[in-house]
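See structure below.
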Amino acid sequence: MTTTDPGSRPPWGGHGDDTVPLPPGAGAAPAPAPDPSIGGRIPARVLIMAWVLVLMTTALALVNLVTWQALRTEVDDRIDRALTQEIDEFEEFAAVGVDPVTGAGFTDVDSLFRVHLGRQHPDRNEIIFGHVDEEPGATVRTGRVRQGQDPLYDASADSGVRDAILAAGGARGEVDTPEGRLRWEKLRVESPTGSANPGGWFVIGYFVDADMSGVNRTVRTLILVSLAGLALTGAAAWWVAGQILAPIRLVRQTAAQITEEDLTRRIDVPGNDDVAALAEQFNAMLDRLEDAFSVQRRFVDDASHELRTPITIVRGHLELMGDDPDERREVVRLVTDELDRMARIVEDLLLLAKAQRPDFLRPERVPLAELTSDVDAKVRALGDRDWRLDAIGEGTVHLDPQRVTQAMVQLASNAVRHTGPGDTVRVGSRMADDRRTVAFWVGDSGPGIPLEDQERIFERFSRGGAGTTDRAGAGLGLAIVRAITEAHHGSVTVRSAPGQGALFELTFPVDVRSAQT
């Protein structure tokens with residue numbers, strides 16, 4: 001028996017429809033983020049959750065699409081193999097098969113079809129049938145031969161479907177049936193006795209939708225699981241974003257509650273991540289703001305407190321001033337003296353305010369011996385005292401020589417005010433702590449300072465007690481000394497007892513830059 005293939009069998013590349021349906025969410029571009037200027041700002045928590053959901057949706061859509069395509073390709077390959085296997089088995093049987101009735105080779109196509117199909121047990125989704133051409137001179141077709149088992153749909157009995165398959169020009173194709181798409185492959189079979197006897201077609205068909213329904217169920221399940229995963233991911237992203245952004249939200253709320261009258265609020269954020277670092281920097285900024293406002297308020301309070309008295313004195317003298325020239329000269333002298341004192345107070349207050357600024361100091365490298373000698377030469381002009389230079393340190397220091405000189409002159413000026421002519425005032429310097437620090441001092445033989453006053457005297461507007469010979473000062477001198485010392489990251493100490501004089505010592509780092517770091 002000879003068989004001819006009316007056309008080549010191209011590899012089946014998919015369904016007959018070129019349009020591939022996408023799972024929900026696939027191929028859709030993410031919606032643009034709303035403009036924050038429209039309808040207010042969008043919370044960062046919402047943006048984070050939205051971006052997580054967009055990324056997850058894209059990833060899951062890609063997974064669903066790839067899975068669906070892989071499963072569909074697997075079904076297509078399995079159907080193609082089944083079609084090819086049935087055609088190969090028929091070709092082999094047609095070549096070597098024997099008619100069981102005659103015990104010889106087959107003499108007609110109808111017998112060949114009936115014997116072969118009687119031995120086949122196709123799947124439920126398959127249909128195998130043969131169609132015998134009409135005999136020469138006959139007015140009707142001879143008929144069809146179908147497998148014994150009932151298929152999903154008997155396409156061989158449907159003349160429309162059958163004629164579409166037989167009339168197709170290729171060896172493979174698809175046709176629509178009430179049970180869905182039917183993928184078929186056919187083989188032309190010629191009569192073994194020549195053209196005088198009718199030939200026929202051997203057809204194998206496979207109902208594709210029956211197998212694809214399992215793929216569709218799997219994909220639907222995968223989509224439902226993906227949607228559930230998206231819901232859980234959105235909830236998790238919302239919660240995690242809230243936890244991460246909580247310190248930032250606290251920073252915003254704290255910033256909104258901060259006023260000039262209340263700069264004491266701080267943010268407690270545990271951990272060592274970027275958010276905790278942001279909170280630490282915010283707290284440091286609040287510290288600087290609080291210090292700045294404190295300096296400002298203190299300056300205003302001090303100025304209003306200390307300037308009120310001289311202003312009252314000036315106003316009173318001017319209001320009571322008569323026409324007598326001598327009286328006028330005396331009033332002008334008193335007013336000028338008060339105005340000079342007011343100017344000194346303002347300058348001292350400004351100096352204390354500037355002590356908090358980073359540019360208060362201008363450090364440079366200076367020889368310690370030269371700086372000490374300059375200080376000694378300047379303080380000797382402050383009064384008729386027994387000036388003595390105790391010691392001169394050797395080496396080079398890195399500090400602000402003008403501020404250090406200002407502090408030493410202030411201490412020497414205090415010593416002059418608390419001593420009389422001929423009393424001893426000592427100054428000096430030395431290296432200490434294995435040359436890591438440098439010390440300057442001013443000592444006197446005055447009345448000394450009671451122990452209970454030794455801390456108070458460094459406060460603003462605090463004046464000495466008994467033994468003070470000049471009470472015209474504003475009480476800012478030692479406060480300025482301490483401000484200069486603290487600006488150098490140093491310290492000031494006093495050692496004194498009533499009747500034994502006082503010794504003020506300033507200690508600075510040898511290099512103020514190392515203390516700043």
Side-chain angles (χ1 to χ4, degrees), residues 9-34 42-86 122-127 149-153 155 161 172-185 204-245:
R9 296 187 217 156
W12 195 254
H15 302 290
D17 189 359
D18 290 335
T19 301
V20 180
L22 295 177
I42 300 177
R45 189 177 190 180
V46 175
L47 289 176
I48 292 174
M49 185 188 70
W51 276 109
V52 170
L53 288 178
V54 167
L55 294 176
M56 283 295 297
T57 301
T58 303
L60 290 175
L62 182 61
V63 170
N64 287 329
L65 179 61
V66 171
T67 302
W68 177 74
Q69 186 63 41
L71 293 175
R72 199 184 80 160
T73 301
E74 181 182 357
V75 171
D76 288 340
D77 292 341
R78 185 172 67 251
I79 294 175
D80 289 343
R81 289 193 301 269
L83 296 177
T84 301
Q85 179 182 353
E86 293 294 342
D123 292 338
R124 173 68 174 168
N125 299 336
E126 291 181 343
I127 179 173
Q149 295 86 353
D150 291 332
L152 288 177
Y153 178 73
V161 174
R172 282 190 178 185
E174 285 190 0
V175 64
D176 291 330
T177 71
E179 289 292 334
R181 290 173 300 156
L182 177 69
R183 187 178 302 174
W184 53 263
E185 183 172 352
I204 169 68
Y206 205 102
F207 292 96
V208 177
D209 291 351
D211 275 16
M212 288 301 298
S213 61
V215 174
N216 294 333
R217 285 193 300 270
T218 301
V219 172
R220 282 196 297 270
T221 301
L222 186 59
I223 291 175
L224 292 176
V225 172
S226 299
L227 292 176
L230 278 177
L232 292 176
T233 301
W238 178 265
W239 183 83
V240 172
Q243 295 297 312
I244 295 176
L245 296 176

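This is a predicted model, so every value here is computed, not measured. Residue numbers run from 1 in the order of the sequence given.
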Checklist entry - Does Thr84 use its side chain to pair, donor to acceptor, with the backbone of Arg81 at less than 3.5 Å? => result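 Flag not set: sc Thr84 to bb Arg81 has no pair under 3.5 Å.
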
Next on the checklist: When you measure from the side chain of Arg124 to the backbone of Asp150, do you find a donor-acceptor pair of N or O atoms at a distance under 3.5 Å?
Outcome noted: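 Answer holds: yes.
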
To the nearest 0.5 Å, what is the distance between [atom1] on [X] and [atom2] on [Y]?
| X | Y | atom1 | atom2 | value |
| --- | --- | --- | --- | --- |
| Met212 | Leu71 | CE | CG | 8.0 Å |
| Leu152 | Tyr206 | CG | OH | 9.5 Å |
| Thr58 | Leu62 | OG1 | CG | 9.0 Å |
| Leu47 | Leu245 | CG | CG | 10.0 Å |

Please tabulate, for the side chains in residues 217-230, all donor-acceptor contacts under 3.5 angstrom to protein atoms that are two or more places apart in sequence or on a different chain.
residue: Thr218; atom: OG1; partner: Gly214; partner atom: O; Å: 3.0
residue: Thr221; atom: OG1; partner: Arg217; partner atom: O; Å: 2.9
residue: Ser226; atom: OG; partner: Asn64; partner atom: ND2; Å: 3.4
residue: Ser226; atom: OG; partner: Leu222; partner atom: O; Å: 2.8

Checklist entry - Per the salt bridge (charged side-chain N to carboxylate O under 4.0 Å, His left out) rule, which among Asp176, Asp209, Asp76 passes with Arg183? => result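 By the salt bridge (charged side-chain N to carboxylate O under 4.0 Å, His left out) criterion, Arg183 pairs with just one of Asp176, Asp209, Asp76: Asp76.
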
Heavy-atom pair with the smallest gap, counting every atom of [X] and [Y]:
| X | Y | value |
| --- | --- | --- |
| Tyr153 | Phe207 | O-CZ, 3.2 Å |
| Leu182 | Gly205 | CD1-C, 3.7 Å |
| Arg45 | Trp238 | NE-O, 2.8 Å |
| Ala155 | Ile127 | N-CD1, 3.4 Å |

Item to check | Student check: side-chain heavy atoms of Asp80 and Arg172 closer than 4.5 Å | outcome: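 Yes, side chains in contact.
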
Checklist entry - Quick one: are Trp68 and Asn216 in side-chain contact, heavy atoms under 4.5 Å? => result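 When only atoms from C-beta onward are counted, Asn216 and Trp68 do touch, with a gap below 4.5 Å.
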
Item to check | side chain to side chain donor-acceptor pair (under 3.5 Å) partners of Asn125, counting only residues at least two apart | outcome: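 Side chain to side chain donor-acceptor pair (under 3.5 Å) list for Asn125, sorted by chain: Asp211.
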
Checklist entry - Which residues satisfy the side chain to side chain donor-acceptor pair (under 3.5 Å) test with Gln85, sequence neighbours excluded? => result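 By the side chain to side chain donor-acceptor pair (under 3.5 Å) rule, Gln85 matches Glu89.
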
